[in-house]
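First comes the structure, then the notes that go with it.
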Amino acid sequence: MNKALKLIIKKIPPKGYHIFVKGKIQGLDVKFLIDTGATKSVVDRSFIEKHFKDQPIKKTEHQTTGLGTNIQNSEFVKLKRLKIGSKSIKPIEFALIDLDMVNTAYTSAGLDPVYAIIGGDILMKYKASIDYNDALLIFKK
C-alpha cells in the first residue's frame, strides 16, 4: 500500500534545491531533510541532548564520513517513535552528528534549522521514491 507525503522543496542559493518533509521524533515536531546521497539517517547531537537526555547512545570505534568531515568514533541513537509525515517508521538507529555547519548555511539562506536527515537506509527500507513534479515522497512499503 503506497503512502504519499507532501514535500517542501526550498531553493538554496545560487541554483540548488533541498527537499524537506514534516514529521515527529518521539512526539516532537521536526522538519526532516531528505538526502538521497546519505547512506545513513542522522540526527543532530544537540537536539538529542536537549530533548532526550536519557536516550542511550551507542559508541563504536569505526570511522564514518559525512558532511565534509571524518568522525573517528561514531555514535548512534535508536529512535523508537518516528513519523515521517503521517508514515510511522519502525524503531531505527540514527547516527549522531553535529549539524551546526548545515544550520549555519540554512540560516544565512533564510531557512529554518534542520535537526534530522533521512538517508538511504530509511528510503530503501520503505521503498521510497520522490515525485518532483507533484512534490511527493511516496513510500511503497
Side-chain angles (χ1 to χ4, degrees), residues 1-60 62-141:
M1 179 168 135
N2 291 354
K3 181 159 218 144
L5 308 172
K6 192 69 177 157
L7 292 172
I8 303 160
I9 301 176
K10 295 281 187 174
K11 186 172 171 112
I12 305 293
K15 294 182 180 180
Y17 295 90
H18 280 192
I19 305 165
F20 302 91
V21 64
K22 292 180 182 180
K24 291 183 183 285
I25 294 177
Q26 298 181 186
L28 288 178
D29 290 331
V30 295
K31 189 172 14 170
F32 293 103
L33 171 65
I34 304 295
D35 186 349
T36 61
T39 57
K40 182 84 178 146
S41 296
V42 301
V43 63
D44 183 57
R45 171 182 302 288
S46 62
F47 177 82
I48 293 297
E49 290 171 350
K50 179 179 179 182
H51 297 288
F52 307 108
K53 293 177 190 143
D54 298 330
Q55 187 76 32
I57 295 172
K58 180 174 96 177
K59 297 181 183 208
T60 66
H62 72 275
Q63 177 177 318
T64 57
T65 302
L67 296 172
T69 186
N70 289 325
I71 302 165
Q72 291 302 327
N73 297 311
S74 302
E75 295 179 318
F76 299 90
V77 63
K78 190 169 207 169
L79 299 178
K80 295 180 181 164
R81 289 183 4 248
L82 183 69
K83 284 191 150 202
I84 302 173
S86 59
K87 171 76 173 162
S88 291
I89 303 297
K90 291 182 180 178
I92 191 163
E93 208 171 61
F94 274 63
L96 268 180
I97 65 169
D98 181 352
L99 289 175
D100 282 347
M101 182 177 72
V102 172
N103 288 325
T104 297
Y106 278 3
T107 301
S108 65
L111 299 173
D112 294 331
V114 64
Y115 300 108
I117 299 173
I118 300 301
D121 55 342
I122 290 175
L123 298 173
M124 284 296 292
K125 181 177 182 174
Y126 291 93
K127 307 294 182 224
S129 62
I130 297 171
D131 178 338
Y132 287 94
N133 192 49
D134 293 325
L136 296 172
L137 177 63
I138 303 162
F139 288 104
K140 294 181 181 158
K141 186 174 175 188

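Reckoned from all heavy atoms, side chains included, excluding hydrogens, waters and symmetry mates.
With rounding to the nearest 0.5 Å, the separation of CD1 in Ile8 from CD1 in Ile34 is 10.0 Å. To the nearest 0.5 Å, atom CG of residue Leu96 and atom CD of residue Gln55 are 9.0 Å apart. For the atom pair NZ (Lys6) and CZ (Phe20), the distance works out to 15.5 Å, reported to the nearest 0.5 Å. The CD1 atom of Ile92 sits 8.0 Å away from atom CG of Leu82, with the distance rounded to the nearest 0.5 Å. One distance of note links NZ of Lys83 with CD1 of Ile25; it measures 14.0 Å at 0.5 Å rounding. Rounding to the nearest 0.5 Å places CG of Asp121 at 10.0 Å from OH of Tyr126.
The side-chain contact (heavy atoms from CB on, under 4.5 Å) with Ile130 is formed by just one residue from the set Leu7, Ile138, Ile9; it is Leu7.
You'll find the side chain of Leu137 reaches within 4.5 Å of the side chain of Leu123, heavy atoms only. Proximity of Ile122 to Phe32: side-chain heavy atoms (C-beta onward) are nowhere separated by under 4.5 Å.
Annotation for Lys87 and Phe139: closest pair CG-CD1, 3.9 Å, computed over non-hydrogen atoms. Between Gly119 and Ser41, the shortest heavy-atom distance links the atoms N-OG, 2.9 Å. Taking both residues in full, the closest heavy atoms of Ala116 and Leu99 are given as N-CD1, 4.1 Å, listed atom of the first, atom of the second, then distance. Here the shortest heavy-atom pairing between Lys59 and Glu75 reads CE-OE2, 3.0 Å. Across Pro113 and Asn103, no two heavy atoms sit closer than the pair CA-OD1, 3.1 Å. For the pair Ile12 and His18, the tightest heavy-atom approach, listed with the atom from each and the gap, is CG1-CG, 3.6 Å.
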Requested in this report: Applying side-chain contact (heavy atoms from CB on, under 4.5 Å), run through Lys10 and Tyr106 and close with a yes or a no.
Outcome: CA-CA 11 Å; Lys10 295 281 187 174; Tyr106 278 3; over 6 Å; no

Requested in this report: Tell me, with the steps shown, if Lys24 and Arg81 meet side-chain contact (heavy atoms from CB on, under 4.5 Å).
Outcome: CA-CA 8 Å; Lys24 291 183 183 285; Arg81 289 183 4 248; over 6 Å; no

Requested in this report: Decide yes or no on side-chain contact (heavy atoms from CB on, under 4.5 Å) for Ile89 and Leu79, but give the supporting numbers first.
Outcome: CA-CA 9 Å; Ile89 303 297; Leu79 299 178; over 6 Å; no

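Within 6.0 Å of NZ on Lys31 lie more than 12 heavy atoms contributed by other residues, nucleotides or ligands. Counting non-hydrogen atoms of neighbouring residues, nucleotides and ligands closer than 6.0 angstrom, the NZ atom of Lys125 exceeds 12 such neighbours.
Comment: Arg45 does not engage Asp98 in a salt bridge, judged by the lack of any side-chain N to carboxylate O separation of less than 4.0 angstrom.
Aromatic pair Phe94/Phe47: ring centres not closer than 6.0 Å.
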